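Below is one structure; the comments refer to it alone.
Here the structure is a predicted model, which means the values were calculated and not measured. Protein chains get the first letters and strands the later ones, always in sequence-line order, with residue 1 at the start of each.
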Amino acid sequence: MIDLKYLQKNFDEASAKLIKKGVDELTLENLKELFKTLKSANATLEEAKSEQNKMSKLFGEYMREKKDITELKAKVNEKKEEIVRLQAIAREAQEALELVALAIPNFPDDSVPEGANEDDNIELKKVLEPRKFDFKPKEHWELAQINGWIDFERGVKLAKSRFSVLRGEAARLERALINFFLDVNREKGFEEVCVPFINNSTMLQGTGQLPKFEDDLFKIDGEDLYLIPTAEVPLTNLYNDEILTSKELPILLTGYTPCFRKEAGSAGRDTRGMIRQHQFDKVEMVAITTPQQSEEIFEMMVDNASEILTKLGLPHRVIELCGGDLGFSAARTIDLEVWLPGQDKYREISSISNTRDFQARRAKIRYKDGKKNVLVNTLNGSALAVGRTLVAIMENYQNEDGTIEIPEVLKNYM
RNA sequence: GGACAGUUGGGUGAGCUGGCUGAAACCACAUCCCUGCUAAGGAUGCGUACGGGUAACUGUACCGAGGGUUCGAAUCCCUCACUGUCCGCCA
């Protein structure tokens, strides 16, 4: 949730920022009006209540002094009707505002480049030179077939399309990667946590998946529960509605979870292979920081994810997302894209975002700064997406006969 | 899933024969004082959210959530959620 007071006071500046992210000015104009309406509705309501409270307090006095209360009672009853009316108005204003406000994305940082979509993203650097093959590198699904690593058909049978089964060495490699990632993260100071893979709607709203992106989520029938689309949800919301002390910050968390996404709207994209699945494993980093710390921690998280790829010997590049490609909650995002020789392109394998206080405002995560309660900054990033790493290893470490080498650092984990 | 008990501020925990309780007390925390040496003593402050005010301060709401009764509810009633215990079931 954006800071509505800021929007109201610095409307032109705020709308300029949000336009960068593709929000039209009319929506913002509307939002500003709704906020104003709510404020005045609340003011009149509170005034009426104040009067009524004062009158009510008199009853105690009157009773003790044995005075006649019939007149007072009539007056209070009159006020009461007015309050009921004002209450309805205030509530309507509140609901109308929330409907719009919760659907407004975060402000991008000033440093975020202008741009409409991924074509306008900026490559910051490349790490590691892609290997030269003296044969035509295969795509991972061919390799999967040759090695018997991925059983796409039976995954579909068990669930539906976009589900798959890892077998044998691939299953072991998946597990090895998870352990390897968690270990590296822990060495960097992240506390390892193991969390529920199902969260309730309050938490999903806290991190921004709800209410706007409900279609992307798997919901548990008849319950107020959803399968998590990323560990960012449980990790960040670990501190939902809490007031932390400044001493505790920064809080660095890492956790492995499967992630469940409906992938609504990506029909036809990446249908082949396991680049885009309804269920995939991911090791996530989450940081809860003061506003002052968040920049430095952000850099650290990017470096960490990049280092992991480097340790695995996977060529990748670092991409700064432009305003138009930025996610809903993000103020700034850096993507890591790994080289896939079979596909002959770089593909996203990690996305590290600073949401500033956007999620904190929704999730009510604050810390005590002296006497004041201040919203924390929350950051999240993959380190890394496990399934895509597996794909990257398959394609980068393939031999001409389709067999696959295991990266050196993983040998202790297999 | 069934039965009973509970859910109060950062924590422990009173209040629950309805008004003077936004909430005692204790702990934690913050500032100051004393003392001097690492542990203790004293004073004051200290819930959250939103609004008004330069500020002191002040208004409204919140005692698990949502409804209801009442002029007035932490206190009474209803529904739901959660926690605990016993039973059932089970990794």
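- Annotation: cation-pi geometry satisfied between A/K32 and A/F11 (NZ/CZ under 6.0 angstrom from ring centroid, within 45° of ring axis).
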Dot-bracket encoding per residue of RNA chain B, Watson-Crick/G-U cut-off under 3.5 Å, | denoting interstrand: ((((((((.[[[..)...(.....]]].(((((.......))))).((((((....)))))).[[[[[..)....]]]]])))))))....
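- Applying the ring-ring contact (aromatic ring centres under 6.0 Å, His included) rule to A/W339 yields the partners A/Y346; only residues at least two apart in sequence or on another chain are considered.
- Contact annotation for A/K54: no contact, since no heavy-atom pair falls under 4.0 Å across all strands.
- Taking atom CZ on A/R366 and atom C1' on B/A49, their separation rounds to 8 Å, with Å as the unit.
- Between A/F163 and A/F218, the ring-plane angle classifies as tilted under the 30° and 60° cut-offs.
- At the heavy-atom level, A/K39 lies under 4.0 Å from the strands shown only through sugar-phosphate atoms.
- Using a 4.0 Å heavy-atom distance criterion, A/K364 is classed as making no nucleic acid contact.
- In this structure, OH of A/Y239 is placed 17 Å from P of B/G10, rounded to the nearest angstrom.
- Using a 4.0 Å cut-off between charged side-chain N and carboxylate O, A/E337 and A/R388 make no salt bridge.
- Proximity of A/N373 to the phosphate of B/U48: a side-chain N or O atom is located under 4.0 Å from OP1 or OP2.
- B/C78 and B/U21 have their P atoms separated by 28 Å, with the value rounded to a whole Å.
- In this structure, A/L4 atom CG and B/G51 atom C1' are separated by 14 Å, rounded to whole Å.
- For A/E46 and B/G51, a side-chain-to-base donor-acceptor distance below 3.5 Å is absent, hydrogens and geometry of angles not being considered.
- Atom P of B/G72 sits at a distance of 30 Å from the matching atom of B/A14, rounded to the whole Å.
- Here the closest non-hydrogen pair linking A/L384 and A/F181 is N-CD1, 3.4 Å.
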B/S/- contact track for nucleotides 63-76 of chain B, protein heavy atom under 4.0 Å: ----S---BS----
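- Rounding to whole angstrom units, CD1 of residue A/I365 and P of B/G10 are separated by 16 Å.
- The closest side-chain donor-acceptor pair between A/Q87 and A/R91, if any, does not fall under 3.5 angstrom.
- The interatomic distance linking A/L86 (CG) with B/U60 (P) rounds to 15 Å, in whole Å.
- A donor-acceptor pair shorter than 3.5 Å cannot be found between the side chains of A/S111 and A/D109.
- With a 6.0 Å cutoff to the six-membered ring centre and a 45° limit on the axis angle, A/K212 does not count as a cation-pi contact of A/F328.
- Side-chain nitrogen and oxygen atoms of A/K368 include none within less than 4.0 Å of the OP1 or OP2 phosphate oxygen of B/C46.
- Checked against a 6.0 Å centroid threshold, the rings of A/F260 and A/F280 do not count as neighbours.
- For the C1' atoms, the distance from B/C86 to B/C27 is 33 Å, rounded to whole Å.
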